[in-house]
Each structure stands twice: as C-alpha cells, then as structure tokens.
Amino acid sequence: MSWRPQYRSSKFRNVYGKVASRENCYECIPITKNVHDNPFCAVNSKFLAIVTESAGGGSFLVIPLHQTGRIEPNHPKVCGHQGTVLDIKWNPFIENVIASCSEDTSVRIWEIPDGGLKRNMTEAVLELYGHSRRVGLIEWHPTANNILFSAGYDYKILIWNLEEGEAVKMIDCHTDVILCMSFNTDGSLLATTCKDKKLRVMEPRSGRVLQAANCKNHRVTRVVFLGDMKRLLTTGVSRWNTRQIALWDQEDLSMPLIEEEIDGLSGLLFPFYDMDTHMLYLAGKGDGNIRYYEITVEKPFLTYLMEFRSAAPQKGLGVMPKHGLDVSACEVFRFYKLITLKNLIEPISMIVPRRSETYQEDIYPMTPGMEPALSPNEWLSGINRDPVLMSLKEGYRKEPKATFKAPIRDKKSLVVNGIDLLENVPPRTENELLRMFYRQQDEIRRLKEQMAQRDLHIRQLELELRNLRNTPKES
C-alpha cells in the first residue's frame, strides 16, 4: 500500500489579502510613537479612531470611515486626557460611544456626533477615576450593555457600570502588570496574561481564579478565546527567545495542547480570531506580514493556510466588526494597518475567492450583532446569555436599541469592596516620579522657548517702529 500525504480540504485555503487603493487609505496622520504594546487603533462601521502623537497631554483622532485620503493637520481631535492615551475601544452596541484610558490614571467615555467632530472635543461625557496608576487596557463586555473593564499598572482590574458611573467590582489577584484581557463568547469567563508569567482564567464577577498556568517555557504576552471551542490561544516567547504560539484547553491549563514556534523576530505577536470562519490571524508588531491559520477541535488543531506579505512594518492593527464588511466581495476580515514611517492607515481586506456573485451563506453564518443580550444589572446579578445574532445577508442590520446616558454623580470618592481607592493611593514608583519630573521639565522648556520667541518678535516690532519714526518724511 503506497503512502499518501495527509491533505485537509478547506474553503479558506485560498484566502488572500487585498490592500486598498491609495485614494481609499488615510494619509498624513501623526500616529503615536508610544512603545506600549497596544494596537492604538479602533474601528467600527462608522468611524476610525487612531491614537496620535501630541505634546502636553494625550489625544486621538476620530475620522468618519468614508473620509479617506489626506487628513488635514488641523483636523479636530479628542484631547481631554492630561497624559498619553494608551488604549481606545468602541462600544460594541453603540457606535458613537468610545472609551479611552491614559497615563493620567483615568478612563473616559466620549460620545462622537454622527457627522464626526467639527472642533476639538475636550469634555468627556463620563470620567472614571479608581486606578492609582496609569491605565493600560480597557475591554467592553461582549454581551452586557454599558459594562466596561479596565486594567491598570496598580495590578487591579476594575469593572465599571456606566449607567451608574461607578466601579462595582475589583479583581485583585495579579502580582504584576496585566498585559492582555480576553472574554469568551458569552462573557462568563475572562482570561488574562500578566508580567508574572502566568495565564489565568477567572469568573469576572467574583474575580475567582478557575485555572492558572505558570508559563516558564512559554512567556505569554497575548491571549484570545477561540469562540465556543473551549480553547485558548496565547502568543509569547519561548526559552530560546523565538516567537511562539500555544493552544490550551480552558478547563485544564496544566500543559498546552500544542506549541509552535513562528520565527526569530522580536516584535509582539497580535492574535485575531474570527469565530465565524474559525480562522486565526497572527500579525507581528514591527514587521509587515500577517499569517493565517484554520482552527479545528481535532488534531492537528492548527492548520497553516497562507501569509500576507508587505514591506511596510505595522505599528498596530484595527479590526472591522463583521457587520461592517463587504459581503458582496466575499470579504471575511478587514484590518486597518498603522504605518508610522509613512503616517498612513492602510485597509487590508481578507477575501475568499468565489466566482458566484450571490450571497455565500457558508462563509457568513449568523454572527453577533449590535443588540446587547443583557442589561448591566442582569449581568451583575449572575445571568449569562449568548450574544444576540444577526444575518449579514443583503447588508441587513437591526437598528441598535442600546442607549447611553451619562449619570450625574459626585467624583470625590470611590469605594470598592469597602476601600476608598482615591484616599488609599499607594506611593508612586521611582520611575513614575522621574517620568512626571521629565515631562514637567519638557513643558517648562517649551514654555520658555515660546516666551523667548515672543520677546524676539516684540523686539523686532519695536526696532521696525523706531526705524519708521527716524525715517525723514518726503516733502
């Protein structure tokens, strides 16, 4: 009997990446140069938001999706933070509401007008204070409306009920900086990676750790739940300092199911999972390639499909939600690539090649829509529900029923688990104090330069005025 190589048939084997034409890109955008390991970009079917480089505080741009081409230098910004903006996320149920977090220890909620910004926005509809150090991550709950999670450098995760404008829960089980947060499909489980080299799966309402893995051979940086497969995928670094991915059973983190080395580059690997097509995308920070795989519940679990190659390195990537894709072009995923060297945002569409122009139901199953399954109080009471699904056929979309109204509350105190977080602030670290000192010195130096330029301009005007007075008048 002759040996035959194993070949797995897949309808996604020939998926390819298509870069948008130059006129459909976003040019002249001062993308942030911050080295924090975040995407710095958030997208929905209405707006594109990008964290930008700014002096004296933090800001980000919000651009209507159809406004492609060159973006003017004086384009209005969201600039209410006193420190650098570290993360931004759109509300999955209300497309005009975006959350941001910053080095100024605050989380802020902004409501963007339908036509986009006409002037700089400095006043947030809601300011949330509870962390004692800078806030590096924010995540919206996938099924409950107006529930937001934030992770700070004080090693704590706060759960905010935006209808009340207060932190209602605090998760305090980490011993170092939290690197990533990911929810399962119905939001009943939360997975985190931490600088203490541990991967944790916990019940988010109580903060009880259900599973924990001590990753010494595979130093985890990012984690993502793989839909309803009861699997987790992590990206990290092996003991030989090569980039690596690992697949885990969420109910048993004692040992990974598989580990696979990717390459020897040093940039962070961002994982993106599409639960509708069961495809995994791996994009490296600092390189221009995007690898994609197909995930299965049976061995070999992970099947390599293809790789999108580009010479331009990416700073970060934003991902379009499913309801914003072009189903007529068989588009199954869309990235928005941040290219710092060119100040450019480049859309990349992942397309399944099909000859038929009809709706392809096999690649567009029912997908989570824009209607929340739970209210904040229902979720906090212990109820879990699967997301409300919608069809992408003929661009069908229900009008979202979710609303957001900022509460009126006193911001002088914040009590969580019987502790006033604003009164019991731990001392700042030496690095944070030095950073604040140097930032203030830079601000003072900038103000001195402005004053010197102003004095020079005044002297020039006085000299011109003196010359005019001394010039004899013609008879």
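Everything numeric here is computed off the predicted structure, so don't read it as measured data. All values below come from the heavy atoms of this structure, side chains included, with hydrogens, waters and symmetry mates left out.
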Would you confirm whether [X], through its side chain, and [Y], through its main-chain N or O, come within 3.5 Å as a donor-acceptor pair?
X    : Y    : result
N38  : G136 : yes
E331 : D326 : yes
E346 : K337 : no
D87  : C101 : no
R200 : C194 : no
T105 : S132 : no

Distance-only donor-acceptor hits, side chain of residues 59-68, under 3.5 Å, sequence neighbours excluded:
{"from": "S59", "atom 1": "OG", "to": "T52", "atom 2": "OG1", "distance (Å)": "3.0"}
{"from": "T68", "atom 1": "OG1", "to": "E23", "atom 2": "O", "distance (Å)": "3.0"}

Decide whether [X] and [Y] meet the rule of one side-chain donor and one side-chain acceptor closer than 3.5 Å.
X    : Y    : value
D114 : N96  : yes
S381 : E378 : no
H131 : S150 : yes
S102 : S106 : no
N44  : E95  : no
D186 : T143 : no
K77  : S54  : no

Smallest separation among heavy atoms of [X] and [Y], with atom names:
X    : Y    : value
R108 : Q82  : NH2-OE1, 3.0 Å
A283 : L317 : CB-CD1, 3.1 Å
W248 : L253 : CZ3-O, 3.5 Å
H141 : F149 : CD2-CE1, 4.2 Å
L341 : P313 : CD1-CG, 3.9 Å
M275 : P368 : SD-CG, 4.2 Å

Carboxylate-amine/guanidinium proximity below 4.0 Å for [X] and [Y]:
X    : Y    : value
R243 : D287 : yes
E464 : R466 : no
D154 : R134 : no

When rounded to the nearest 0.5 angstrom, what is the spacing between [atom1] in [X] and [atom2] in [Y]?
X    : Y    : atom1 : atom2 : answer
H174 : Y155 : NE2   : OH    : 12.5 Å
K169 : I159 : NZ    : CD1   : 7.5 Å
C215 : E259 : SG    : CD    : 8.5 Å
E371 : F93  : CD    : CZ    : 9.5 Å
T340 : I29  : OG1   : CD1   : 11.0 Å

Problem - E27 vs R22, salt bridge (charged side-chain N to carboxylate O under 4.0 Å, His left out): CA-CA, chis, key distance, verdict - result: CA-CA 9 Å; E27 300 182 71; R22 190 75 178 188; 3.2 Å; yes
Handout entry: With F272 via ring pair (Phe, Tyr, Trp, His ring centres under 6.0 Å) - residues at least two apart
Key =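 For F272, the residues satisfying ring pair (Phe, Tyr, Trp, His ring centres under 6.0 Å) (neighbours in sequence not counted) are F335.
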Practice task
Quick one: list whatever passes ring pair (Phe, Tyr, Trp, His ring centres under 6.0 Å) with Y293, sequence neighbours left out.
Solution key: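 By the ring pair (Phe, Tyr, Trp, His ring centres under 6.0 Å) rule, Y293 matches Y304.
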Handout entry: Residues L232, F225; criterion side chain to side chain contact (heavy atoms under 4.5 Å, CB included); working and verdict
Key = CA-CA 5 Å; L232 290 164; F225 269 99; 3.5 Å; yes
Exercise for the section: Evaluate the salt bridge (charged side-chain N to carboxylate O under 4.0 Å, His left out) criterion for residues R219 and D196: first the C-alpha distance (whole Å), next the side-chain angles of each, then the deciding distance (0.1 Å), finally the verdict. Expected result: CA-CA 9 Å; R219 298 197 301 275; D196 61 8; over 6 Å; no
With a sphere of 6.0 Å drawn around [atom1] of [X], does it hold more than 12 non-hydrogen atoms of other residues, nucleotides or ligands?
X    : atom1 : result
R309 : CZ    : no
K195 : NZ    : no
Q460 : CD    : yes

Problem - F308 ring center within less than 6.0 Å of Y16 ring center - result: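 No, the ring centres sit 6.0 Å or more apart.
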Exercise for the section: Please assess R446 against E443 for the test salt bridge (charged side-chain N to carboxylate O under 4.0 Å, His left out), listing each intermediate value before the final yes or no. Expected result: CA-CA 5 Å; R446 187 178 63 83; E443 187 69 18; 2.3 Å; yes
Handout entry: Cationic tip of R205 above W379 ring, under 6.0 Å, 45° of axis
Key =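 Cation-pi check for R205 and W379: passes.
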Handout entry: salt bridge (charged side-chain N to carboxylate O under 4.0 Å, His left out) assessment of R222 paired with D37
Key = CA-CA 10 Å; R222 293 270 155 176; D37 287 331; over 6 Å; no
